[in-house]
K.L.:
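The structure under discussion is supplied below as structure tokens; questions concerning it will follow.
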Amino acid sequence: MTTSGGVTVRVPAKVNVQLAVGAARPDGFHDLANVFLAVSLYDEVTATPAAALTITCEGPDADKVPLDRTNLAARAAELLAARHGVSPDVHLHIAKDIPVAGGMAGGSADGAGALLACDALWGLNSSREELLEICAELGSDVPFSLVGGAALGTGRGEKLTELPVGGNFHWVFAVADGGLSTPTVFGEFDRLTEGAEIPDPTASPALLDALRTGDTTALAGALANDLQAAALSLRPSLAATLTAGTDAGALAALVSGSGPTTAFLVKDAETARTLAAALTTSGTCRTARTATSPAQGATILPN
């Protein structure tokens, strides 16, 4: 069964306020303690009936988004259809506003958005648990794109424990030219840490407490990303962006996830606007965007 028209799902970007990385496992993945925070930059995925599975995309850097079966949105439709014995005949249109290959889970967001949109379009009424299972099959960041808010991801990041957040946080994100491949960044992490004793990843109690109480200053003091050194090794120019942001008034700065987007935590919306303008004119990034967190996870929009 399908609905008569299309279904549009809005899905947020994420920032990793803590990304603790363990040693490489035999399967090539790494155990993580990954504290996700959803932020108010969104993609929208619209599913409409079609004769075959097709994908279109519009928005910033849309030309860098694959329109074939490697796109997580297409894979989401195929996995959901296979599980329910239906044909994945759907047109998925992605309205892109999350930076592409920027360490903000834009591709994962599209996978989660397509999954929820197709589930509604086809009238499948899948349980949240079933949708999260498919999300985990799609990729480590996809379950959080569905859930939103704040969560601790363990395992390779796909096992989520939702976290309480006691207030709003203000961010600026500096978008770099070009992307960074997540597997390449993890490979560089392995190279840089070869022979070192890597502790088991654990979430910082101070960071979790700062989220729970909504304390921006405490959160600024607890931000951490074990992949930052690897991202900077592969893209040394990001150091200048981080410096420009802190010089312009950010409370803290870090590489978002595997990069190359850099994230700056600030005290309020006015500071965010000022910092974004300073970064945009600094010559160290392509553009800068303001956002707040936490943000809702994948949400079906009214027609």
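Only a predicted model underlies this, so the values are computations on that prediction, with no experimental measurement involved. Keep in mind that the numbers below use all heavy atoms, side chains included, and drop hydrogens, waters and symmetry copies.
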K.L.:
Report yes if some heavy atom in the side chain of Leu160 is under 4.5 Å from a heavy atom in the side chain of Glu162; otherwise report no.
P.N.:
no
K.L.:
Thr46 and side-chain contact (heavy atoms from CB on, under 4.5 Å): which single residue from Val7, Thr8, Ile94 fits?
P.N.:
Thr8
K.L.:
Is the side chain of Asp43 donor-acceptor paired with the backbone N or O of Asp97 at a distance under 3.5 Å, no angle test?
P.N.:
yes
K.L.:
Would you check if there is a donor-acceptor pair between the side chains of Glu188 and Ser233 at a distance under 3.5 Å?
P.N.:
yes
K.L.:
Output the distance between atom OG1 (Thr193) and atom CG (Asp226), rounded to the nearest 0.5 Å.
P.N.:
9.5 Å
K.L.:
Looking at every heavy atom in both Asp215 and Ala218, which two are closest together, and how far apart are they?
P.N.:
OD1-N, 3.0 Å
K.L.:
Walk me through it: do Ser258 and Leu180 pass the test side-chain contact (heavy atoms from CB on, under 4.5 Å)?
P.N.:
CA-CA 7 Å; Ser258 57; Leu180 271 177; 5.6 Å; no
K.L.:
Does the side chain of Leu219 come within less than 4.5 Å of Leu207's, by heavy atoms?
P.N.:
yes
K.L.:
Between Ile134 and Ile300, is there a shared hydrophobic cluster once you connect ILVMFWY residues whose side-chain heavy atoms come closer than 4.5 Å?
P.N.:
yes
K.L.:
At their closest point, which heavy atom of Ser40 faces which heavy atom of Ala295, and how far apart are they?
P.N.:
N-CB, 4.0 Å
K.L.:
Heavy-atom distance under 4.5 Å between the side chains of Asp61 and Lys96, does that happen here?
P.N.:
no
K.L.:
Less than 3.5 Å apart, any donor N or O on the side chain of Thr261 or Ser256 sitting next to an acceptor on the other?
P.N.:
no
K.L.:
How many angstroms lie between atom CG of Asn225 and atom OG1 of Thr262, to the nearest 0.5 angstrom?
P.N.:
11.5 Å
K.L.:
State, to 0.1 Å, how close Asp31 and Arg25 come at their nearest heavy-atom pair, and which atoms those are.
P.N.:
OD1-NH1, 2.9 Å
K.L.:
Report yes if some heavy atom in the side chain of Leu67 is under 4.5 Å from a heavy atom in the side chain of Ile55; otherwise report no.
P.N.:
yes
K.L.:
Might you point out which heavy atoms bring Thr284 and Ala244 nearest each other, and give the distance in Å?
P.N.:
OG1-CB, 4.0 Å
K.L.:
Would you confirm whether Asn71, through its side chain, and Pro66, through its main-chain N or O, come within 3.5 Å as a donor-acceptor pair?
P.N.:
yes
K.L.:
Within a strict 4.5 Å, meaning less than it, do heavy atoms of the Leu211 and Phe169 side chains meet?
P.N.:
yes
K.L.:
Following the transitive rule for hydrophobic clusters with a side-chain heavy-atom cut-off under 4.5 Å over Ile, Leu, Val, Met, Phe, Trp and Tyr, establish whether Val15 and Leu19 coincide in one cluster.
P.N.:
no
K.L.:
Among the clusters formed by ILVMFWY side chains lying less than 4.5 Å apart, do Val39 and Val100 turn up in the same one?
P.N.:
no
K.L.:
Take His93 and Glu58 through the test side-chain contact (heavy atoms from CB on, under 4.5 Å) and record every step on the way to the result.
P.N.:
CA-CA 8 Å; His93 180 71; Glu58 64 175 325; 2.9 Å; yes
K.L.:
Verify the cluster assignment for Leu80 and Val142: are they in a single hydrophobic cluster under the rule of side-chain heavy atoms below 4.5 Å apart?
P.N.:
yes
K.L.:
If every non-hydrogen atom of Ala263 is compared with every non-hydrogen atom of Phe173, which pair is closest and at what distance?
P.N.:
CB-CE2, 3.5 Å
K.L.:
Considering only NZ, NE, NH1 and NH2 on the basic side and carboxylate oxygens on the acidic side, decide whether Asp27 and Arg156 come within less than 4.0 Å.
P.N.:
no
K.L.:
Distance from Leu232 atom CG to Leu227 atom CG, nearest 0.5 Å?
P.N.:
11.0 Å
K.L.:
Is the CG atom of Asp63 crowded by more than 12 outside heavy atoms at less than 6.0 Å?
P.N.:
yes
K.L.:
Indicate yes or no: at least one non-hydrogen side-chain atom of Leu208 is less than 4.5 angstrom from one of Gln18.
P.N.:
no
K.L.:
What distance separates Thr280 OG1 from Leu275 CG, expressed to the nearest 0.5 Å?
P.N.:
9.0 Å
K.L.:
Taking C-beta and beyond as the side chain, do Leu301 and Glu44 meet within less than 4.5 Å on heavy atoms?
P.N.:
yes
K.L.:
Between atom OG1 of Thr217 and atom CG of Leu251, what is the distance when rounded to the nearest 0.5 Å?
P.N.:
6.0 Å
K.L.:
Does Gln296 have more than 12 heavy atoms from other residues, nucleotides or ligands lying within 6.0 Å of its CD?
P.N.:
no
K.L.:
Using a 4.5 Å cut-off on heavy atoms from C-beta on, say whether the side chain of Gln228 contacts that of Leu238.
P.N.:
no
K.L.:
Looking only at side chains, do Thr56 and His91 share a donor and an acceptor under 3.5 Å apart?
P.N.:
yes
K.L.:
For Lys14, run the side-chain contact (heavy atoms from CB on, under 4.5 Å) check against Leu37, Ile98, Asp141, Asn34 and tell me which one passes.
P.N.:
Asp141
K.L.:
Is there a donor-acceptor pair under 3.5 Å between the side chain of Thr243 and the backbone N or O of Ala240?
P.N.:
no
K.L.:
Could you state the interatomic distance from CG (Leu146) to OG1 (Thr299), rounded to the nearest 0.5 Å?
P.N.:
9.0 Å
K.L.:
Just do the side-chain contact (heavy atoms from CB on, under 4.5 Å) check on Val255 and Arg235 with the steps written out, would you?
P.N.:
CA-CA 11 Å; Val255 173; Arg235 190 74 67 82; over 6 Å; no
K.L.:
Compute whether any side-chain donor of one residue and acceptor of the other, for Ser126 and His84, lie under 3.5 angstrom apart.
P.N.:
yes
K.L.:
Could you give me the CA-CA distance, side-chain angles and deciding distance for Ser204 and Val35, then say whether side-chain contact (heavy atoms from CB on, under 4.5 Å) is met?
P.N.:
CA-CA 9 Å; Ser204 156; Val35 182; over 6 Å; no
K.L.:
Can you classify the ring geometry of Phe186 versus Phe189 as parallel (below 30°), tilted (30 to 60°) or perpendicular (above 60°)?
P.N.:
perpendicular
K.L.:
If you look at every heavy atom in Leu223 and Trp171, which pair is closest and at what distance?
P.N.:
CD2-CH2, 4.1 Å
K.L.:
For residues Met104 and Phe264: do they belong to one hydrophobic cluster (side chain heavy atoms under 4.5 Å, members Ile, Leu, Val, Met, Phe, Trp, Tyr)?
P.N.:
no
